[in-house]
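Data first, discussion second: the structure below is written as structure tokens.
Just so you know, ligand 1 is whichever comes first in the structure, and atom 1 is the first atom listed for that ligand. Residue numbers count from 1 along this sequence.
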Amino acid sequence: MQDLHLLTVRETADLLQAKKVSSLELAEHYLVRATAHKALGAFLDCNPDVTRLAAKSADARIATGNADPLTGVPIAHKDIFVTKDFVTTAGSRMLADYRSPFDATVVARLGNGADGVAGAGMVTLGKLNCDEFAMGSANENSFYGKVQNPWNTSRVPGGSSGGSAAAVAAGLAPAATGTDTGGSIRQPASFCGITGIKPTYGRASRYGMVAYASSLDQAGPMARTAEDCALLLSAMCGADLDRDSTSLDLPPEDYTRGLNDSISGLRIGIPKEFFADGLASDVRAAIDAALASLEKLGAKLVPISLPRTELAIPVYYIIAPAEAASNLSRFDGVKFGHRAADYKDLADMYKKTRAEGFGEEVKRRIMIGNYVLSHGYYDAYYLQAQRIRRMIAEDFQAVFKSCDVIAGPVAPSVAWKLGDKDRKPLDDYLADIYTLPASLAGLPGMSIPVGFGEGNMPVGMQLIGNYLSEGRLLNAAHQYQLATDWHTKLSPLMTGGAA
Ligand code: GLN
């Protein structure tokens, strides 16, 4: 079969269970594609022998009739999840060639399991490029090069899970993991025309995820459809109390169960601040059309207000760098990772190692983080930010009295051009405006493709739900996808053309 990469996760899984294709055939097909599309910049590390071995054991598991629904389906992981069989760099020179002695819990759950963790038996194709330590919105901050957008290779794929979004949109993997601290699953999913969900903070284990901002970091799946995301999220989530103290003490949930429920009567909150100045008209038009489709399915649009939306930007860009400055202090050239070759003494070794190992954006965040935590500024910046963070979370609780989910844009524009010299770091920070509020509140959020805008680039719609309402978000997204066909549109790289 030539077009295996056109299949969704669900379709791939069905063929595997019906024994119409083997996991090994799938693995070979995708390994060839990964090599053929190296120029996209999505993959950082492949290990074909390991992939083939996992595929063979998945085939054996399917043969026994004792397989999980996802057994044998290929997946690739954002290079922020540690893996014992693949190098883990987090997109940084600091971790060049780093090999972890264990798999992240999410990787183990989706793959071959670990101590006390059952594995779904998915087959890992390799590791995917990302912004250095997940800091960025365009995947232009990776030490290992930029990633291209499969819809138009002169555009960015979004970030920081840009490699994950590009790999899925180019048909280099039917699914990928991503992480979302301030939008890094939703925004690249939106820019690449795929579906992605960030669950409630604590729902998926952070164990083995290279930490950026620990009170915000959350893992989630990226795939072509909401149904695929539901399958993947069911396998990813679950308590991991011994390894991650912020993991929620809840058993795994089957998110596919409610997918077919009617959404008639669903109250969808439309925050006026998400549709104010700054939202590009092409994005707005696609979102408006999507909201009209949801209304046709019986949903009711409810005007709401999230008055502190604009404050989410300064609040996030104080809290995230503060936590990053602390988390990244472990990279000192002693314990693991890069170490400068020449130095005079210990202090000099620290300085040179960190100067060489970290990229510009990471250094900027470390400086901001140390500044806002320093004596004299802590009260003025960090504490204030924490207070407003709490208010942002309360604003959401207030609006969830009158609506069940919230809908709006993911980003103010479609994917911008790669290497745009006029773009400043602040432009990227501002473009996070619609994804940051849900992150600060720890709420689940997702992105689904709803059309195309300027330059024929994909537009994503964001759905935000209350705590632990992933099932409801996936249900609304699935119903939308049953009624429309945006999620079935394939990038030129997927169908064999040039982009
Ligand atoms: N763009 C945001 C940042 O740079 C979000 C990144 C993320 O979610 N990892 O911090």
Using only heavy-atom distances, determine whether the side chains of Arg93 and Tyr144 contain a donor-acceptor pair under 3.5 Å. no
Is it the case that atom CD in Glu253 sees more than 12 heavy atoms from other parts of the structure closer than 6.0 Å? yes
Tell me, please: is Ala320 in heavy-atom contact with ligand 1, that is, under 4.0 Å? no
I'd like to know if the side chain of Thr225 pairs up with that of His487 as donor and acceptor (distance under 3.5 Å, no hydrogens or angles considered). no
Is the NZ or CZ atom of Arg423 both under 6.0 Å from the centre of the six-membered ring of Trp416 and within 45° of that ring's axis? yes
Please determine if Met135 has a nitrogen or oxygen closer than 3.5 Å to a nitrogen or oxygen of ligand 1. no
Could you tell me which atoms of ligand 1, counted from 1 in the order shown, lie closer than 4.0 angstrom to a heavy atom of Arg365? 3 (C), 4 (O), 10 (O)
Tyr317 near ligand 1, heavy-atom distance under 4.0 Å? yes
Between Gln187 and Thr435, do the side chains contain an N or O donor and an N or O acceptor separated by less than 3.5 Å? no
Please state which protein non-hydrogen atom is closest to atom 5 (C) of ligand 1 and give its distance, to 0.1 Å? Tyr316 OH, 3.3 Å
Touching ligand 1 at all, Glu361? Heavy atoms, strictly under 4.0 Å? no
Assess, by modelled atom type and distance only, whether the side chains of Asp131 and Ser142 contain a donor and an acceptor separated by less than 3.5 Å. no
Under a 4.0 Å heavy-atom limit, does Ser184 contact ligand 1 with its side chain, its backbone, both, or neither? both
Scan side-chain atoms only and decide if Ser161 and Lys78 contain a donor-acceptor pair under the 3.5 Å cut-off. yes
Using distance alone, decide if ligand 1 has a nitrogen or oxygen within less than 3.5 Å of any nitrogen or oxygen in Asp432. yes
Using modelled atom types only, decide if a donor and an acceptor are shared between the side chain of Arg224 and the backbone of Val168 within a distance under 3.5 Å. no
Checking contacts here: is it the side chain or the backbone of Thr181 that comes within 4.0 Å of ligand 1, counting heavy atoms only? Could be both or neither. both
Which part of Gln218 is near ligand 1, with near meaning a heavy atom under 4.0 Å away: side chain, backbone, both or neither? neither
So does Asp240 get a backbone contact from the side chain of Asp244, meaning a donor-acceptor N/O pair under 3.5 Å? no
For the pair Tyr381 and Tyr377, name the ring-plane relationship: parallel under 30°, tilted 30 to 60°, perpendicular over 60°. tilted
Would you kindly specify which portion of Tyr429 sits under 4.0 Å from ligand 1, judged on non-hydrogen atoms: side chain, backbone, both or neither? neither
Are any of the N or O atoms of Asp180 closer than 3.5 Å to those of ligand 1? no
Distance filter under 4.0 Å to Ala134 heavy atoms, resulting ligand 1 atoms: 6 (C), 7 (C), 9 (N)
Note: ligand 1 atoms sitting under 4.0 Å from heavy atoms of Gly136 are 1 (N), 2 (C), 3 (C), 4 (O), 6 (C)
Element-labelled atoms of ligand 1 that are located less than 4.0 Å from some non-hydrogen atom of Gly182: 5 (C), 7 (C), 8 (O)
